[in-house]
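The structure under discussion appears below in the form of structure tokens.
Values below: all heavy atoms of this structure, side chains included; hydrogens, waters and symmetry mates excluded.
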2 protein chains.
Amino acid sequence: MIQIDPRNSSPIYEQIIKQMKELCLKGILKPGEKVPSVRELSSMIVANPNTVSKAYKELEREGVIETLRGRGTFVTETVQIKMNEEKVEMLKEQLKSIVVDAYYAGIKIDDIQNWIKEIEKEIGGKR
Amino acid sequence: MIQIDPRNSSPIYEQIIKQMKELCLKGILKPGEKVPSVRELSSMIVANPNTVSKAYKELEREGVIETLRGRGTFVTETVQIKMNEEKVEMLKEQLKSIVVDAYYAGIKIDDIQNWIKEIEKEIGGKR
DNA sequence: TTACGTGTATTATATAATGTAGTACACCTA
DNA sequence: TAGGTGTACTACATTATATAATACACGTAA
């Protein structure tokens, strides 16, 4: 389910966050469905429970999952979109970086537009 | 010229790399033009020469600038595109993350496509 | 040649992010 | 009550980032 890549330099908790979001958007994890407990997932990926807990807290803050104390953690029934101007600006900056890096890697703008269409097909519209 | 944002959590050397690439693409820094020396820039932005040197080494590795020992550092006359399959895959993954994050921030795919067009107008085609 | 400005390399130190380890607590369900 | 939840806390180790202080090799110009 969640796969941690040790060669990937990004922190374990960020890899969890990224993959969990994708699983929810793709509909592999359905609204209301239970996700692995902190201790379960930590033993599955061989990481510390604290690391998983950190990821879950961020995912809850972003409205992807919600926790019911003593019961477990679940995919939110209805995603609460949190409009956040700071987040929007951050995403724009990240996008600019990608476009610039793409230039020096020999990638054209049209290629990037097509990539987005592919991503949309892969994860879009499932919820 | 180069502006370091202390509130920005990304490392100083990465901020230098990002901004230097943009300055070159926008044509504000022209091919063959001299860029500030390591010591000059480090005093301009109040950082350590080592930090600037680290940024310059990466910029040279990516073909943005080139150094002439004892003379200085200059914007490359002709960008050498370095096709790099790893880099391409990395950029695709970054782009996917942005699209996913955008969903939970209430941003539509079309908005992202339009952002790219804006970025293209801002930096595209100057070199 | 000499003086100066280049980029580069090295070592040491400090701080913060990341991850591990162990323990304890509050809450819910069976 | 017993066991499974998420959560909180402290302590420690490792790594990335940045600073600090030198030193070196090279090119240019006085």
Along DNA chain D, first and last positions that approach a heavy atom of chain A under 4.0 Å: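 Going 5' to 3' along DNA chain D, contacts run D:dG4 to D:dC9.
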
Distance below 4.0 Å between B:Ser37 side-chain N/O and C:dT6 OP1 or OP2: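 So the side-chain polar atoms of B:Ser37 do come within 4.0 Å of the phosphate oxygens OP1 or OP2 of C:dT6, strictly under.
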
Short side-chain N/O contact from B:Thr67 to OP1 or OP2 of C:dT6, under 4.0 Å: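 For C:dT6, neither OP1 nor OP2 has a side-chain N or O of B:Thr67 closer than 4.0 Å.
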
B:Tyr103 side chain reached by B:Ile109 side chain, heavy atoms, under 4.5 Å: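 Of all side-chain heavy-atom pairs linking B:Tyr103 with B:Ile109, none is under 4.5 Å.
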
Sub-4.5 Å side-chain heavy-atom contact between A:Cys24 and B:Tyr104: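 Yes; the side chains approach each other to less than 4.5 Å.
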
Between [X] ([atom1]) and [N] ([atom2]), how many Å, whole number?
X: B:Glu60; N: C:dT6; atom1: CD; atom2: P; result: 16 Å
X: B:Leu41; N: C:dT8; atom1: CG; atom2: P; result: 14 Å
X: B:Asn48; N: C:dG7; atom1: CG; atom2: P; result: 14 Å
X: A:Ile4; N: C:dT20; atom1: CD1; atom2: P; result: 10 Å
X: B:Asn50; N: C:dT11; atom1: CG; atom2: C1'; result: 11 Å

Intermediate values then yes/no, side-chain hydrogen bond (donor to acceptor under 3.5 Å, both in side chains), A:Thr67 and A:Glu60: CA-CA 7 Å; A:Thr67 65; A:Glu60 179 161 30; 3.3 Å; yes

Polar atom pairs (N or O), protein with nucleotides 25-30 of chain C, under 3.5 Å:
none

Residue that, paired with A:Val100, satisfies side-chain contact (heavy atoms from CB on, under 4.5 Å) out of B:Lys26, B:Lys21, B:Lys18, B:Gln19: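 Exactly one candidate clears the test, B:Lys21.
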
Test: B:Arg61 and B:Glu58 ion pair at under 4.0 Å: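 Salt bridge: yes.
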
DNA chain C: 5'-proximal contact among B:Tyr56 and A:Ala47 (nearest heavy atom):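 Whichever sits nearer the 5' end wins; that is B:Tyr56.
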
Donor-acceptor pair, side chain of A:Asp101 and main chain of A:Ile98, under 3.5 angstrom: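 Checking the backbone N and O of A:Ile98 against the side chain of A:Asp101, no donor-acceptor pair under 3.5 Å is found.
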
Touch class at under 4.0 angstrom, heavy-atom based, for B:Glu66 against every strand present: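 B:Glu66: no heavy atom of the nucleic acid under 4.0 Å.
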
Strand contacts (DNA chain D) in residues 7-14 of chain B, 4.0 angstrom heavy-atom criterion: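 Nucleic-acid contacts, sorted: B:Pro11, B:Ile12, B:Tyr13.
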
